[in-house]
Amino acid sequence: MRKIIFIGRSEAGKTTLTQALKGETITYHKTQYVNNFDMIIDTPGEYAETKTLGGALAVYSYEADVVGLLLSAIEPYSLYPPCVCSICNREVIGIVTKIDHHLAEPQQAAEWLRIAGCDKVFFVSAYTGEGLAELMEYLKEEGEIMPWEEARSIDNSM
């Protein structure tokens, strides 16, 4: 699977999405430092919110194949300036989180991500699982078999 770095402000859902993609139980955990896992780099929101820490995101992005800009569907504004994706030399995708929230406005968040320069936008809920398979499918490498595909092929052979 291609490695992705999650970038977004505090409470955008980066760690929760990381837990969901790894198949872990969802628990609140405030990220205090950059967590570099096998396929995901989970970054603290303060790195995106603070100019002096933003450079660390650039450095860590070189360890990833894909940059994921996260924006919660309940955000009243976007942290990302227009066309910010053009400064990155990695593929950048947008990820709208918390789409299951009763105050969610996912299309507004997606529009802000498109203005930032994201051509591809995913809509996910770490709690309901909606959109996770599509994101995983997008990140999978050519020839890689995902666990649900393997389970399907076992079921079909019986």
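In this structure, V34 is not a member of the same hydrophobic cluster as F6, with clusters built from ILVMFWY side-chain heavy atoms closer than 4.5 Å. V66 and V121 are assigned to two separate hydrophobic clusters, defined by single-linkage of ILVMFWY side chains at heavy-atom distances under 4.5 Å. Under a hydrophobic clustering in which Ile, Leu, Val, Met, Phe, Trp and Tyr are joined whenever their side-chain heavy atoms come within less than 4.5 Å, directly or via other members, I93 and V84 fall into different clusters. In this structure, I4 is not a member of the same hydrophobic cluster as L57, with clusters built from ILVMFWY side-chain heavy atoms closer than 4.5 Å.
The two residues I26 and Q19 come nearest to each other via the heavy atoms CA-OE1, 3.4 Å. The two residues V67 and C88 make their nearest non-hydrogen contact at CG2-SG, 3.7 Å. Annotation for S61 and I5: closest pair N-CD1, 3.9 Å, computed over non-hydrogen atoms. The two residues A48 and G8 come nearest to each other via the heavy atoms CB-O, 3.8 Å. In terms of heavy atoms, A20 sits closest to L132 at CB-CD1, 3.8 Å. Taking all atoms of both residues into account, the shortest heavy-atom contact from G117 to C85 is C-SG, 3.6 Å.
Of the inter-residue distances, the one linking I99 atom CD1 with Q107 atom CD reads 10.0 Å to the nearest 0.5 angstrom. With rounding to the nearest 0.5 angstrom, the NZ atom of K22 is 8.5 Å from the CE atom of M39. For the atom pair CG (L71) and NZ (K98), the distance works out to 10.0 Å, reported to the nearest 0.5 Å. Remark: S78 OG to L113 CG distance equals 6.5 Å, nearest 0.5 Å. The line from CD1 of I95 to OG of S72 is 13.0 Å long, rounded to the nearest 0.5 Å.
No more than 12 heavy atoms of other residues, nucleotides or ligands sit less than 6.0 Å from atom CD of E105. Around the CG atom of N36, the shell of radius 6.0 Å holds more than 12 heavy atoms that belong to other residues, nucleotides or ligands.
The salt bridge (Lys or Arg N to Asp or Glu O under 4.0 Å) search around R90 returns none, not counting sequence neighbours. K120 is linked by a salt bridge (Lys or Arg N to Asp or Glu O under 4.0 Å) to nothing, counting only residues two or more places apart in sequence or in another chain. Listed by chain and number, the residues in a ring pair (Phe, Tyr, Trp, His ring centres under 6.0 Å) with F122 are Y138 (sequence neighbours excluded). For R2, the side chain to side chain donor-acceptor pair (under 3.5 Å) partners two or more places apart in sequence, or in a different chain, are E91.
Distance alone, capped at 3.5 Å, is enough to place a donor-acceptor pair between the T97 side chain and the A12 backbone. A donor-acceptor pair is defined here as one N or O able to donate and one able to accept, closer than 3.5 Å; no such pair exists between the side chain of T16 and the backbone of G13.
Tested against I7, the residues L70, V92, L69 include a single side chain to side chain contact (heavy atoms under 4.5 Å, CB included) partner, L69.
Membership of an apolar cluster is not assigned to V59, as no side-chain contact below 4.5 Å to another ILVMFWY residue is traced. Annotation for L103: hydrophobic cluster partners, listed by chain and number, are I74 (ILVMFWY side-chain heavy atoms under 4.5 Å, direct or chained).
Within the structure, salt bridge (charged side-chain N to carboxylate O under 4.0 Å, His left out) contacts touching residues 45-74 (residues at least two apart or in different chains) are R9-E49, K30-E46. Here salt bridge (charged side-chain N to carboxylate O under 4.0 Å, His left out) pairs that include residues 33-43, with residues two or more places apart or in two chains, number zero. Among residues at least two apart or in separate chains, side-chain hydrogen bond (donor to acceptor under 3.5 Å, both in side chains) pairs with a member in residues 121-132 are D100-S125, S125-T128. Within the structure, ring pair (Phe, Tyr, Trp, His ring centres under 6.0 Å) pairs that include any residue of residues 54-113 do not occur (at least two apart or interchain).
Checked by atom type, the side-chain pair N35/K14 shows no donor-acceptor distance below 3.5 Å.
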